[in-house]
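Remember, it's a predicted structure, so these values are computed and weren't measured experimentally. Quick note on labels: first sequence line is chain A, next is B, and so on, each numbered from 1.
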Amino acid sequence: MNIFAEIRTSVLETLDALVAEGRLPAGLSWGNVAVEPPRDAAHGDMATNAAMVLAKPSGRAPRDLAAELAERVVTDPRIESAEVAGPGFLNLRLAPAVWHDVVAEAVDAGGAFGHSGLGAGVKVNVEFVSANPTGPLHVGHTRGAVFGDALARLLDFAGYGVTREYYINDGGAQVDVLARSVYLRYLEAHGEAVEFADGTYPGDYLKPVGEALKAKVGDAFVGKGEQFWLEEVRDFATEAMMDLIRGDLAAIGIGMDVFFSEKSLYGTGRIETAISHLEDKGLIYVGTLEPPKGKVPEDWEPREQTLFKSTDYGDDVDRPIKKSDGSWTYFAPDIAYHYDKIARGFDELIDIFGADHGGYVKRINAAVAALSGGRVPVDVKLTQLVRLTKGGEPVKMSKRAGTFITLRDVVDEVGPDVARFVMLTRKNDAPLDFDFDKVTEQSKDNPVFYVQYAHARIRSVMRKAEAMHLDWSDDALLEDPAEFAVARKIAEWPRLVEIAAKNHEPHRVAFFLYELASEFHALWNTGNENPALRFLHENDPQATGRKIALPRAVEVVISNGLGILGVTPAEEMR
RNA sequence: GGCCCCGUAGCUCAGAGGAUAGAGCAACCGCCUCCUAAGCGGUAGGUCAUAGGUUCGACUCCUAUCGGGGCCGCCA
């Protein structure tokens, strides 16, 4: 139940009635009519802009129209009063029973409270992480991973059919580099002294892979040329790296539904099929690109290449799909990959890239628009950098020289819950400061703690209530303004879920939980001033049962919200 | 040179085209015999980078400019 949507329906019905009576002209669109929480609580519980939006097309003065609407709309028993304000707002005050019912619904619905029909029947593919299978995930990947997973959970909560997907870049030169690096570790495992030249990966994490390779093939590859072992070592090493990455993802609570191999597109005709699809639309041609403006590479010279006419779909220049030697560029399998997603019947695609891939967005948009005939929208989200600090000092490298801070480093230091929550308290396209000390601090300026603390307080109350052998009653007793304030916030939850899901913005959930926690902590303190407002009343089980419905509803929302963020609610803070 | 993102309180940041732009921190003043004070209440703090435009209405949309970051053929 989204009470805002319901009251909006009521307003629209009133408008329909005015049309039927000839008080408003026919043919008006209600599309821009909104019912929203007002910014200032003094303006009531909800406000509608209906009169202002409809004033011009209906030739009415906004305040007059608002007044007429006000007269009619109060026949809805849920609407206690309606007041014209400002330039033509209609401020609505709802009956206390509405908030009472909201609390009861939250308590009854539990984990389903806030579920939405928004995404019913819509299949959406969320592709994220997709890090090269050449090493452990580092902190940059972590943000994309957390963001993608939270977005997937959010969409799932809003009723979409969600597939989480990882694109394995196992088709390019970097997996050959990986294979050679593992081969060196393999020789090392056989007691040979090895040297890691430029263009190989020197990281320690490949040592066990070299040893595992030795255990598997013995000395079969020792002293042999690349042609004997490259392919097998590449497959072996890639699989080992994907195991490593799957482990990293699991450490922060992420499981993928599909791992899609780039390699599976080569030599199987799948790239050719996708490209021929574009060819049929006249979007593939052979040509020579202009040199890039500004900083021209030193060795630049004009080359004839096979190009995709992405400029037809808003890109700045056409993009090469074949190198001058005739082999595919990275973009070609990417086209085929997105073609495959479309063919699998997804209604919406979401790609999550690091900010350094910003230049790639337009060509992905172009490719998907061309391949799907504009049917399938794709939203490419970029996650900005994470600035790691400890006690205010920048942390850039881990102790092992030359390696980036890994996802494991972060999880080991602060735990998966803190890492996830903090990374979701920023919009994806804003840089994020992550201070190892601050994020574990137990104070109000740490939102993780603040929200968890509210939950822990409620759990404490609930445990005590259970000890009194009573259960919540859904007949909530609401008296104080602070109680109504909390109930109003709870009523906003279903609406917030829909807004966040539509905009692909899970950070809104984190901010909402902070606000809800704030309302709750305020309510908690009213119990200090006025013991009658406390949740637990030792000698009055009935009153207690009715009083704990509200904190129980808060618990439901915090728990559901943290579930979307992938954070475990805290039972206690000790 | 082009493209993308960002610019909101001293700091870190929210803000579905709506009213007098919000929160936390820092500053100042209050609240613990009390279900967890790890908390709550209050005061103060603003040219929403700048200039135009669209609109009944712009922090929000459009254009230009300034400032910060990222990216820019045969790497992925």
Legend entry - Lys/Arg-Asp/Glu bridge criterion (N-O < 4.0 Å) met for A:Arg495, A:Glu492: no
Inset, instruction - Go through B:G18, B:C3, B:C71 for me and flag the one nearest to the A:Asp356 side chain. - result: B:C71
Legend entry - Where the chi angle of B:C32 falls, syn if within 90° of 0 and anti if not: syn
Legend entry - Watson-Crick/G-U partner (both atom distances under 3.5 Å) of B:C61: B:G53
Inset, instruction - Side chain of A:Gln305 only, please: which of B:U12, B:C74, B:U36 is the nearest? - result: B:C74
Legend entry - Separation between the P atoms of B:G22 and B:A16, rounded to whole Å: 14 Å
Inset, instruction - Look at the side-chain N and O atoms of A:Lys323 and state whether any lies under 4.0 Å from the OP1 or OP2 oxygen of B:A76. - result: yes
Inset, instruction - Indicate, with a heavy-atom threshold strictly under 4.0 Å, whether A:Asp433 touches base, sugar-phosphate, or nothing. - result: sugar-phosphate
Inset, instruction - Let me have a per-nucleotide readout for nucleotides 54-61 of chain B, 5' to 3', with B, S or -, counting only protein heavy atoms under 4.0 Å. - result: --S--B--
Inset, instruction - Quote, to the nearest angstrom, the C1' distance that separates B:C48 from B:A21. - result: 8 Å
Legend entry - G-U wobble or Watson-Crick pairing nucleotide for B:C48 (cut-off 3.5 Å, both distances): none
Inset, instruction - Respond yes when some side-chain nitrogen or oxygen of A:Trp328 is under 4.0 Å from OP1 or OP2 of B:C74, and no when none is. - result: no
Legend entry - Phosphate contact (B:U36 OP1 or OP2) by A:Ser460 side-chain N/O below 4.0 Å: yes
Inset, instruction - Measure from the side-chain N and O atoms of A:Asp437 to the backbone N and O of A:Lys390, and report whether any donor-acceptor pair falls under 3.5 Å. - result: no
Legend entry - Residues A:Glu479 and A:Lys547 bridged, charged N to O under 4.0 Å: yes
Inset, instruction - Kindly say whether the aromatic ring centers of A:Phe512 and A:Tyr514 come within a distance under 6.0 Å. - result: no
Legend entry - Contact under 4.0 Å: A:His357 side-chain N or O vs B:C75 OP1/OP2: no
Legend entry - First encountered from the 5' end of RNA chain B, between A:Glu304 and A:Gly171: A:Glu304
Review item, nucleotides 5-7 of chain B N/O atoms under 3.5 Å of protein N/O:
from	atom 1	to	atom 2	distance (Å)
B:C5	O2'	A:Asp429	O	3.2

Inset, instruction - If B:U36 has a Watson-Crick or G-U wobble mate with both distances under 3.5 Å, name it; if not, just say none. - result: none
Legend entry - Separation of the P atoms in B:C25 and B:C71, to the nearest angstrom: 36 Å
Inset, instruction - Could you label the plane-to-plane angle of the A:Phe353 and A:His357 rings as parallel, tilted or perpendicular, counting under 30° as parallel and over 60° as perpendicular? - result: tilted
Inset, instruction - For B:G18 and B:C61, measure between their P atoms and round to the nearest Å. - result: 11 Å
Inset, instruction - Identify the nucleotide, in any strand shown, that forms a Watson-Crick or G-U wobble pair with B:C74, with both distances under 3.5 Å; if there is none, say none. - result: none
Legend entry - Salt-bridge present (A:Glu555, A:Arg459; N to O < 4.0 Å): yes
Inset, instruction - Assign each of A:Leu432 and A:Lys502 to its nearest nucleotide of RNA chain B by heavy atoms, then name whichever residue's nucleotide is nearer the 5' end. - result: A:Leu432
Legend entry - Ring centroids of A:His521 and B:G39 base under 5.5 Å with planes under 30°: no
Inset, instruction - Measure from NZ or CZ of A:Arg319 to the centre of the six-membered ring of A:Phe331, then state whether that distance is under 6.0 Å and the direction lies within 45° of the axis. - result: no
Inset, instruction - Write down the distance separating the P atoms in B:A51 and B:G45, rounded off to the nearest Å. - result: 23 Å
Inset, instruction - Describe the nucleic acid contact of A:Phe511 in one word from base, sugar-phosphate, nothing, applying a heavy-atom distance below 4.0 Å. - result: sugar-phosphate
Inset, instruction - Could you tell me whether A:Arg488 and A:Glu519 have a side-chain N and a carboxylate O separated by less than 4.0 Å? - result: no
Inset, instruction - Run the salt-bridge test on A:Asp433 and A:Arg387 with the 4.0 Å N-O cut-off and return the result as yes or no. - result: yes
Inset, instruction - Answer yes or no on whether A:Lys322 is positioned over the face of A:Trp328, meaning its NZ or CZ is under 6.0 Å from the six-membered ring centre and within 45° of the axis. - result: yes
Legend entry - Criterion side-chain contact (heavy atoms from CB on, under 4.5 Å) against A:Leu565, the qualifying member of A:Leu424, A:Thr425, A:Asp417: A:Leu424
Legend entry - Distance test, side-chain N/O of A:Tyr360 to OP1/OP2 of B:G70, below 4.0 Å: no
Inset, instruction - For nucleotides B:A26 and B:G39, find the distance between their P atoms and express it as a whole number of Å. - result: 11 Å
Inset, instruction - Compare all side-chain heavy atoms of A:Gln174 with those of A:Tyr201 and state whether any distance is below 4.5 angstrom. - result: yes
Inset, instruction - Take atom C1' in B:U60 and the same atom in B:C34, then report the distance between them in whole Å. - result: 46 Å
Inset, instruction - Using a heavy-atom cut-off of under 4.0 Å over every strand shown, decide if A:Ala85 touches base, sugar-phosphate, or nothing. - result: base
Legend entry - Side-chain N or O of A:Arg508 closer than 4.0 Å to phosphate OP1/OP2 of B:A16: yes
Inset, instruction - With heavy atoms under 4.0 Å as the rule, sort A:Glu515 into base, sugar-phosphate or nothing. - result: nothing
Legend entry - Donor-acceptor pair, side chain of A:Glu483 and main chain of A:Leu478, under 3.5 angstrom: no
Inset, instruction - Answer with yes or no whether A:Arg457 presents, from its side chain, a donor or acceptor under 3.5 Å of a partner atom in the base of B:C35. - result: no
Please produce a list of atom pairs where a protein N or O lies less than 3.5 Å from an N or O of nucleotides 23-32 of chain B.
from	atom 1	to	atom 2	distance (Å)
B:G24	OP1	A:Lys444	NZ	3.4

Legend entry - Separation of the C1' atoms in B:G73 and B:G2, to the nearest angstrom: 15 Å
Legend entry - B:C28: pairing nucleotide in any strand, Watson-Crick or G-U under 3.5 angstrom: B:G42
Inset, instruction - With heavy atoms under 4.0 Å as the rule, sort A:Ala522 into base, sugar-phosphate or nothing. - result: sugar-phosphate
Inset, instruction - Could you tell me which nucleotide pairs with B:G7 by Watson-Crick or G-U wobble geometry, both distances under 3.5 Å, or answer none if nothing does? - result: B:C66
Inset, instruction - Compute whether any side-chain donor of one residue and acceptor of the other, for A:Tyr285 and A:Asp318, lie under 3.5 angstrom apart. - result: yes
